[in-house]
Amino acid sequence: MRVLVTGGAGYIGSVVTEQLINDGHAVVVYDNLVKGHREAIVAGAEFVQGDLLEADKLSRTLKDNRIEAVIHMAASSLVGESCEVPAKYYHNNVVAGLVLLNAMHDCGVKKIVFSSTAATYGEPEAQPIFETALTNPTNPYGESKLAFERAMHWYEQAYALRYASLRYFNAAGASEKCGEDHDPESHIIPITLQAATGKRTHVEIYGDDYPTSDGTCVRDYIHVIDLARAHILALNLVAERSGIYNLGCGGDGYSVRDVIETARRVTGKEIPVRMGARRPGDPAVLIASSDKIKSDLGWQPQFQDLGLIIESAWRWMLAHPNGYGSQ
Ligand SMILES: NC(=O)c1ccc[n+]([C@@H]2O[C@H](COP(=O)([O-])OP(=O)(O)OC[C@H]3O[C@@H](n4cnc5c(N)ncnc54)[C@H](O)[C@@H]3O)[C@@H](O)[C@H]2O)c1
């Protein structure tokens, strides 16, 4: 298939691109490099540097490359920032997203796989979270992703667009070539590993009085290669129909202390920790159920063990001590 990956120079998009190319697909990466890295663009992919808001460039890219499907990863995705600057999130995740949908419509591209987020659910009443749970986002990031999902729904009704929306929490780990290099970094696994290398003085734990086994928040983590495989499986779905799928870790999740202890074991480093206060709006447990995508699409994650996830992230960090800047 000829696939356009928006955000293919970013963390997850680069691994999606890598897996697509390994499977023999032709890939065009479309990225403005505002957050992505030129060095993360996988060999064998075409690269177009452009913004989703550049409608003409986007349409030309779709047409010239005879694109058959889009995997849409490009977005702004910092929850805290979205609360401070909601305008940025509506602009990049909704307005720019609509430019993409309209370009697809104009060019006759009818299939899209969208990297959504489990933040669309807000603070659900029950765990694990199923696709039937109420969507009630508690921040503009989740709200903007949900708005784009609703747009895809209506484009399906009117224009026969077929979409798959994947909702998940925390991507983690690395492939051999592609890893996580965000600035600022907000994810606990790279932050913990940066404390292991001495790049940070410590890891802060935001509260240890939650109603969980060790008092720290419990989250689910999905290996970025397993995530990429789910996006590629979803391409098969949109050949026939649309759907919304959650992706989760498949078990009871891992506490913040589990992450730190596992990172200590994997790295052999002490990793200093400081206790901080709870952050407002952090639920005790957030875990998504993967039952539906397993039964409908046959998703079989291969790296669900936290140790495997952290080992892969650590290998990548040792090989890239300054992220992509060190290549
Ligand atoms: N990282 C996670 O844990 C996580 C969890 C749930 C959902 N997601 C979603 O997955 C997607 C990828 O996340 P990531 O962690 O790889 O993010 P990332 O920031 O590493 O990658 C996003 C890429 O999109 C590009 N981009 C952003 N806006 C653009 C625009 N207007 N035009 C062109 N390119 C643009 C950036 O330059 C970057 O390369 C996002 O949509 C995010 O919301 C991520």
Side-chain angles (χ1 to χ4, degrees), residues 4-18 28-42 45 47-55 57-58 61 70-79 81-82 88-100 103 112-121 129 137 139-149 165-175 178-191 219-224 226-228 230-231 234 245-249 286 288 309 313 323-324:
L4 183 88
V5 180
T6 74
Y11 169 41
I12 307 172
S14 60
V15 181
V16 168
T17 301
E18 186 179 40
V28 178
V29 165
Y30 191 91
D31 197 300
N32 62 10
L33 297 184
V34 164
K35 289 280 178 179
H37 307 272
R38 194 176 284 278
E39 300 80 1
I41 299 163
V42 175
F47 175 53
V48 176
Q49 183 168 357
D51 195 287
L52 293 172
L53 289 165
E54 293 177 87
K57 190 185 268 190
L58 197 46
T61 304
V70 172
I71 299 186
H72 180 33
M73 318 286 309
S76 301
S77 53
L78 295 171
V79 169
E81 183 187 61
S82 79
K88 175 174 174 181
Y89 282 72
Y90 278 93
H91 200 60
N92 208 29
N93 298 355
V94 184
V95 177
L98 291 177
V99 174
L100 172 65
I112 181 167
V113 174
F114 174 52
S115 225
S116 186
T117 170
T120 46
Y121 293 110
I129 305 166
N139 52 64
Y141 167 57
E143 195 79 70
S144 64
K145 289 276 182 171
L146 188 60
F148 186 75
E149 285 190 358
S165 190
L166 303 181
R167 295 173 174 170
Y168 52 95
F169 285 112
N170 303 294
S175 71
C178 305
E180 192 162 10
D181 180 7
H182 288 129
D183 182 19
E185 186 54 78
S186 62
H187 297 131
I188 183 171
I189 290 177
I191 285 175
R219 297 289 182 263
D220 74 9
Y221 300 91
I222 308 178
H223 196 289
V224 66
D226 287 334
L227 270 180
H231 284 75
Y245 290 94
N246 288 351
L247 296 164
C249 63
L286 285 175
I309 291 174
Y324 283 106

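Since the model is a prediction, treat every value here as computed from it, not as a measurement. Order of listing sets the numbers, starting from 1, for every ligand and every atom in it.
Within the 3.5 Å criterion, the main-chain N or O of C178 finds no donor-acceptor partner in the side chain of Y11. At least one donor-acceptor pair under 3.5 Å links the side chain of H37 to the backbone N or O of D181.
H91 is linked by a ring pair (Phe, Tyr, Trp, His ring centres under 6.0 Å) to nothing, counting only residues two or more places apart in sequence or in another chain. The side-chain contact (heavy atoms from CB on, under 4.5 Å) search around S144 returns Y89, N93, V94, not counting sequence neighbours. Residues meeting the ring pair (Phe, Tyr, Trp, His ring centres under 6.0 Å) test with H72, sequence neighbours left out: F114, F148.
Ligand 1 is surrounded by G7, A9, G10, Y11, I12, D31, N32, L33, V34, K35, G36, G50, D51, L52, M73, A74, A75, S77, N92, S115, S116, Y141, K145, Y168, F169, N170, A171, H182, H187, each with at least one heavy atom closer than 4.0 Å.
Because its NZ or CZ atom is both nearer than 6.0 Å to the ring centre of Y121 and within 45° of the ring axis, R167 counts as a cation-pi partner of that residue.
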